[in-house]
Protein chains: 2
Amino acid sequence: MDKQTITIYDVAREANVSMATVSRVVNGNQNVKPVTRKKVLEVIERLDYRPNAVARGLASKKTTTVGVIIPDISNVYFSSLARGIDDVATMYKYNIILANSDGDDVKEINVLNTLFAKQVDGVIFMGHRITDRIRAEFSRSRTPIVLAGSIDPDEQVGSVNIDYKQATKDAINLLAKNGNKKIAFLTGALLDPINGQARLQGYREALEENGIEYNEGLVFESHYSFEEGLKITERVKTSGATAAFVVNDDLAVGLLDGLLDLGVKVPSEFEIVTSNNSQITNMVRPRLTSVSQPLYDLGAVAMRLLTKMMNHEEIEEKNIILPFGIDEKDSTK
Amino acid sequence: MDKQTITIYDVAREANVSMATVSRVVNGNQNVKPVTRKKVLEVIERLDYRPNAVARGLASKKTTTVGVIIPDISNVYFSSLARGIDDVATMYKYNIILANSDGDDVKEINVLNTLFAKQVDGVIFMGHRITDRIRAEFSRSRTPIVLAGSIDPDEQVGSVNIDYKQATKDAINLLAKNGNKKIAFLTGALLDPINGQARLQGYREALEENGIEYNEGLVFESHYSFEEGLKITERVKTSGATAAFVVNDDLAVGLLDGLLDLGVKVPSEFEIVTSNNSQITNMVRPRLTSVSQPLYDLGAVAMRLLTKMMNHEEIEEKNIILPFGIDEKDSTK
DNA sequence: TTGAAAGCGCTAACAT
DNA sequence: ATGTTAGCGCTTTCAA
């Protein structure tokens with residue numbers, strides 16, 4: 001495959017030492033006399049020897065590779081997480097195998113299995129919904145797994161999230177304080193635990209605390225996209241809502257543009273709070289007020305947690321909650 | 001590592017056949033009597049045998065894994081390419097090891113070497129600039145390499161791009177036809193061949209063809225970010241330019257917002273054409289006219305080319321140019 | 001159609 | 001401090 005592979009054996013022969021000794025110097029084992037080490041290092045340099053990580057993986061049962069299953073890397077929300085994951089992975093000398101699942105159950109299972117086949121040392125999983133089938137696959141293997149920005153009520157594996165329920169409550173409170181009585185809730189699939197459970201519950205609780213009655217007609221189930229936001233605008237407006245909490249930035253921008261196109265003034269006539277505070281929220285005019293999630297950190301902390309699990313380190317808490325904020329900008333009064 | 005690994009040997013024993021036969025059925029080799037195959041398959045099912053891809057990789061010298069070096073996955077331009085790459089990779093049963101380089105020479109070299117160490121079957125490289133050092137690393141190995149959305153004047157390895165020079169000419173022509181005499185050129189590092197050579201040249205040629213004199217004062221070297229766009233607005237306006245061609249969408253949106261904040265009307269008082277037509281160009285108001293690059297396809301085609309190289313298939317042309325367009329929207333008259 | 005056996009390149013006891 | 005020697009789990013000639 002390579003020009004002509006130089007193996008550890010070649011180095012050993014040239015340096016007049018055993019393979020074991022070469023292996024020791026390559027792996028930084030201290031039990032090597034400095035003179036020997038120097039000699040070996042010279043030969044390695046001279047022959048341009050590069051250790052074969054596959055052979056190493058087979059012999060040591062460690063691949064220094066972790067799998068990352070992600071719905072869609074071209075979505076900023078996930079790519080921000082991914083960047084945090086990769087940076088910490090690199091820091092700890094791991095590489096990541098990245099695989100898109102489109103949130104599809106079958107794809108998730110397939111890719112999880114090929115990752116296991118490739119003997120990854122750990123897996124970071126992002127998905128809207130943890131199905132029973134996936135959960136079953138999780139428990140089939142001993143490979144450590146961490147969810148990032150994804151909730152599993154079961155809490156079998158590690159996870160890193162924010163308190164979506166409280167974040168939603170804070171957002172709704174802001175909107176209620178500003179005098180809104182009819183606050184729409186724009187979400188993706190309500191089947192997803194983050195939406196259907198955490199956020200929707202936060203929405204309902206906040207309404208109640210503000211003396212506003214819950215009205216199903218103000219809950220809109222849509223998809224995470226700009227176009228869907230544009231499309232749903234009419235219905236939202238017709239509902240009589242004067243404000244909306246949106247779970248996704250693309251969707252929120254769609255709503256914003258839809259409203260502006262209709263001649264509705266934001267925020268004077270309609271207020272919007274979105275959820276991810278991605279850069280797009282600063283690029284549109286008016287800039288969108290948003291829950292601010294530490295996306296990069298969500299990924300970074302998830303990977304850090306995974307390294308601990310892979311090293312069998314003591315873990316204080318395997319279901320981590322990171323702080324969030326509310327970034328008030330121009331789409332709220 | 002796993003619960004207790006079932007190996008090919010266990011299957012062979014249980015099925016009363018040799019390892020070779022099990023290997024054959026696992027790999028779909030036709031030289032197996034149907035009865036035997038059935039028997040083996042049953043045992044595989046019963047024992048829940050999963051082939052170890054690392055062992056396979058060592059024995060066969062194929063890992064069905066390709067490395068992807070990317071400046072920053074959290075940037076939509078690159079993550080779009082990455083998505084195209086992964087989809088085609090999946091289609092051909094490859095996985096991708098994704099590594100961020102920040103466009104940094106040293107990181108690029110490091111990660112390239114660890115990818116080689118991990119015996120990837122091929123590499124897709126994205127970077128603003130192919131340095132001599134990287135080029136040297138490329139030629140050290142026989143592993144096939146393809147550049148995606150990245151130019152190397154050397155053309156030693158495969159590549160997939162659009163005709164950046166012509167795209168720029170088309171954009172400038174549009175602006176010139178609209179009556180602009182002072183057209184700014186907003187770019188990232190001019191050292192990058194795509195900017196400093198292809199695009200700048202296209203800019204100059206188009207100016208000349210339109211009888212406009214080239215003026216260095218209208219060329220702005222900046223960075224690929226929204227904030228930089230905001231910052232540079234004042235200078236661009238002061239230059240007397242009435243239009244700008246921008247090489248990056250974030251930068252273009254920064255300029256747009258900067259102008260709007262200054263009370264400048266777009267497009268009536270100032271026209272903008274940007275370069276990547278990412279979704280953000282449709283989200284801002286006015287929507288940005290842009291060169292449209294088939295980002296996903298750039299990645300997809302690059303990966304397809306790589307599969308051909310990995311399979312030693314006949315390759316008609318290893319430096320591929322994909323078509324582009326000009327998507328006229330609301331930031332031009 | 002099937003099996004035997006030699007690696008693939010390295011790590012990790014175990015000895016010395 | 002260094003060497004010997006089994007493997008790791010699979011593919012792949014080569015024979016039969």
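So you know, we letter chains A, B, ... as the sequences are listed, proteins then strands, and number each from 1.
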Q: Need two values: the first and the last nucleotide of DNA chain D, 5' to 3', having an atom under 4.0 Å from any heavy-atom of chain B.
A: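 Listed 5' to 3', the contact boundaries are dG9(D) to dT12(D).
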Q: Can you tell whether the side chains of E42(B) and K38(B) come within less than 4.0 Å, N to carboxylate O?
A: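 Counted as a salt bridge, because a side-chain N and a carboxylate O are separated by less than 4.0 Å.
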Q: Can you tell me the distance, in whole Å, between the CG atom of N31(B) and the P atom of dG3(C)?
A: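 My rounded result for the distance is 13 Å.
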Q: Applying a 4.0 Å non-hydrogen cut-off, can you work out what N29(B) is touching in the nucleic acid: base, sugar-phosphate, or nothing?
A: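 Result for N29(B) = nothing.
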Q: Is the backbone N or O of M303(A) less than 3.5 Å from a side-chain atom of K308(A), with the two atoms forming a donor-acceptor pair by type?
A: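 Not confirmed, K308(A) side chain does not pair with M303(A) backbone.
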Q: Classify every nucleotide of nucleotides 6-16 of chain C by which part a protein heavy atom approaches to under 4.0 Å, writing B for the base, S for the sugar-phosphate alone and - for neither, in 5'-to-3' order.
A: -BBBBBB----
Q: Under a 4.0 Å N-O cut-off, is there an ion pair linking D105(B) with R129(B)?
A: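 Looking at D105(B) and R129(B), the cut-off is not met.
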Q: Please determine, by modelled atom types, if K93(A) and T114(B) share a side-chain donor-acceptor pair under 3.5 angstrom.
A: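 Result is no, nothing qualifies.
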Q: In a table with atom names and distances, give each donor-acceptor pair under 3.5 Å that connects a side chain of residues 21-29 of chain B to protein atoms at least two apart or in another chain.
A:
residue	atom	partner	partner atom	Å
T21(B)	OG1	S18(B)	OG	3.4
S23(B)	OG	N27(B)	ND2	3.3
N27(B)	OD1	R56(B)	NH2	3.3
N27(B)	ND2	S23(B)	O	2.8
N29(B)	OD1	N31(B)	N	2.7

Q: State whether D102(A) and R83(B) are salt-bridged, where the test is any N-O pair (Lys NZ or Arg NE/NH1/NH2 against Asp/Glu carboxylate O) under 4.0 Å.
A: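 Counted as a salt bridge, because a side-chain N and a carboxylate O are separated by less than 4.0 Å.
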Q: Assess whether a salt bridge exists between E137(A) and R133(A), defined as any Lys/Arg side-chain N lying under 4.0 Å from an Asp/Glu carboxylate O.
A: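 Here E137(A) does not pair with R133(A) in a salt bridge, since their nearest N and O are not under 4.0 Å apart.
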Q: Between the side chains of T7(A) and T5(A), is a donor N or O closer than 3.5 angstrom to an acceptor N or O?
A: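 No pair is found: no donor N or O on one side chain lies under 3.5 Å from an acceptor on the other.
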